[in-house]
Engineer: 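Just dropping this structure here.
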There are 2 protein chains.
Amino acid sequence: MMKGVERLPAPQRKPPARLSRGTLTREVIVEAALRVLDGGQVNGLTFARLGKELGASPTAVYRHFSSRGDILTAVADELIRIAIDGYQPSDSWQDSLRDLAYRAWRAFEQHSAAAMHTFYRVTLGPNEIRVVDAILEAIHQAGWRGQEAVFKYQMYSNLVLALSGRNAAMLAAADEAGVTPGSFWTQEYMPTNPAEFPYLWEHRDDLRLKDNFAVYQGQVEALLAAMRASLPAVS
Amino acid sequence: MMKGVERLPAPQRKPPARLSRGTLTREVIVEAALRVLDGGQVNGLTFARLGKELGASPTAVYRHFSSRGDILTAVADELIRIAIDGYQPSDSWQDSLRDLAYRAWRAFEQHSAAAMHTFYRVTLGPNEIRVVDAILEAIHQAGWRGQEAVFKYQMYSNLVLALSGRNAAMLAAADEAGVTPGSFWTQEYMPTNPAEFPYLWEHRDDLRLKDNFAVYQGQVEALLAAMRASLPAVS
DNA sequence: ACCTGAACACCGTTCAAGT
DNA sequence: ACCTGAACACCGTTCAAGT
């Protein structure tokens, strides 16, 4: 305690280094929040962790966001940016919609905790505006106009966000529990009388096999087929 | 302070009334948890509130559930029970799947906060078993068998849970913010240069009109149409 | 065997004080 | 104008103590 050794090389111990003026911005905070959410804990986005990630006092963030929910809404828009970064519309409206659908799936899967907390939010942010315009462009290209176009837009975007979002939520939750996502549907599921649930019993083995992306592809194709079937007559 | 009036009618002030032995069960706790979640706060399910709702010490619940997440998984199964209560399979497999799809939508909408926290959970509970068997029954009735039947099952149940769940999450979040769910998509959304986002600009008025259930119906019908189109040949 | 109460580490948010 | 630190009410979970 009194050896004084600590004083020898005068180790330039900086005081906690108060952050200089402009270092904290909404962009910097959102990126840090995304890193924290990617850190593995489903509910890992706390002000304490965010402050540490930024090298700032936890409460400094309140100068730029009004609440935790406000941060998450900005993260939602950032996630859209990641998803559509580099997107180019195709000559085929269907390929455009496929591309956007798979981009959402992949971005949500890569940032599953962030997606879980944001996929039901309307961000009103610049990237949401961009992707809404891009989807409407494809739908316009297919031939729909007015309310009919908006209805198709809603069916499509709603489907993509809901399916990609739930997949992300399941991944994030399984991650937290340290469980392989497909490891439900094992025997535990089947301790019952075979005669009581005959259909479950019949498919007890196949229920384990899951390729969630293949299922998603099937769902997207089902919607596209229905859209093709109700295409407006070419004028 | 010293008036002593309080003592006059000897008001039978019971001591906090320690709960008698068997009053707390998993069923009683799950029902109380659902009431708390229906109470209006999106993240309202706390042990403190749950204890108050039960008239018990908050920590008593730990004798019956291992964690907050464990309670929510049980709530998920209860929500399935509410959804399928009274379900009878139809002669038409498509009507059976429509019925189950709308039941999920309504149950999730009526218990939106509960649905928001549970719709991505695998419960392995008795009611999940029941509904999986019911869906497989309809798919069996349509003619699918084996892995193909399971793939259709996954497309269907996944779609229903994701769409009903995201709708519930949006309702619960809007509820919390005191916002009418459709009140996004107003002018705030459009402060931009019309030329930059032409399709968004063209549909700026229609984007406000939303009938989420009509959209859901369209999505369910799209999947059913795709299923009809890939029906196995009758042997 | 089941319920209670105190305790612990943590969390979102507010606000007066620093620079 | 922006960041910090102390403070407040709350939260999930543990565990020794009651009955």
Engineer: Below 4.0 angstrom, which residues in residues 59-72 of chain B have at least one non-hydrogen atom near DNA chain C?
Structural biologist: B:Thr59, B:Ala60, B:Arg63, B:His64
Engineer: Please round to the nearest 0.5 Å and tell me the distance separating atom CG of A:Leu79 and atom NE2 of A:His111.
Structural biologist: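 Separation between the atoms: 6.0 Å.
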Engineer: Atom NZ of A:Lys52 to atom C1' of C:dC11: distance rounded to whole Å?
Structural biologist: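 Checked: the NZ to C1' distance equals 14 Å.
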Engineer: Please report the distance, rounded to the nearest Å, between CZ in B:Arg26 and P in C:dC3.
Structural biologist: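 Atom-to-atom, B:Arg26 to C:dC3, this comes out as 14 Å.
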Engineer: Name the stems that DNA chain C belongs to, where each is three or more consecutive Watson-Crick or G-U pairs with both distances under 3.5 Å?
Structural biologist: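 Stems found: C:4-8 with D:12-16, C:12-16 with D:4-8.
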Engineer: side-chain contact (heavy atoms from CB on, under 4.5 Å) for B:His203 and A:Val132? Distances and angles first, verdict last.
Structural biologist: CA-CA 10 Å; B:His203 297 94; A:Val132 171; over 6 Å; no
Engineer: If only atom types and distance count, is the side chain of B:Tyr156 paired as donor or acceptor with the main-chain N or O of B:Leu97 below 3.5 Å?
Structural biologist: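 It does hold such a pair.
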Engineer: Ignoring backbone atoms, establish whether A:Arg49 has a side-chain N or O less than 4.0 Å from OP1 or OP2 of C:dC11.
Structural biologist: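 For C:dC11, OP1 or OP2 has a side-chain N or O of A:Arg49 closer than 4.0 Å.
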Engineer: Which residue lies toward the 5' end of DNA chain C, B:Ser57 or A:Pro58, if each is placed at its nearest nucleotide?
Structural biologist: B:Ser57
Engineer: Is any NZ, NE, NH1 or NH2 atom of the basic residue among A:Glu109 and A:Arg106 found under 4.0 Å from an Asp or Glu carboxylate oxygen of the other?
Structural biologist: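 Salt bridge between A:Glu109 and A:Arg106, a charged N being under 4.0 Å from a carboxylate O: no.
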Engineer: Expected output is a numbered-order residue list: members of residues 36-46 of chain A with a heavy atom under 4.0 Å from any atom of DNA chain C. What is it?
Structural biologist: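 Contacts with DNA chain C under 4.0 Å: A:Leu45, A:Thr46.
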Engineer: After noting the C-alpha distance and the side-chain angles of A:Leu200 and B:Ile129, does the key distance pass the side-chain contact (heavy atoms from CB on, under 4.5 Å) rule?
Structural biologist: CA-CA 8 Å; A:Leu200 194 52; B:Ile129 291 186; 3.3 Å; yes
Engineer: Is there side-chain contact between B:Leu54 and B:Leu24, with heavy atoms separated by less than 4.5 Å?
Structural biologist: yes
Engineer: Could you walk me through whether A:Arg49 and A:Glu53 pass side-chain contact (heavy atoms from CB on, under 4.5 Å), step by step?
Structural biologist: CA-CA 6 Å; A:Arg49 260 188 280 261; A:Glu53 179 73 30; over 6 Å; no
Engineer: If you measure from CE on B:Met116 to CG on B:Leu171, what distance do you get to the nearest 0.5 Å?
Structural biologist: 11.0 Å
Engineer: Mind running side-chain contact (heavy atoms from CB on, under 4.5 Å) on B:Leu72 and B:Leu37 for me, showing each step along the way?
Structural biologist: CA-CA 10 Å; B:Leu72 283 169; B:Leu37 282 163; 4.1 Å; yes
Engineer: Thinking salt bridges, do B:Asp99 and B:Arg103 make one under a 4.0 Å N-O criterion?
Structural biologist: yes
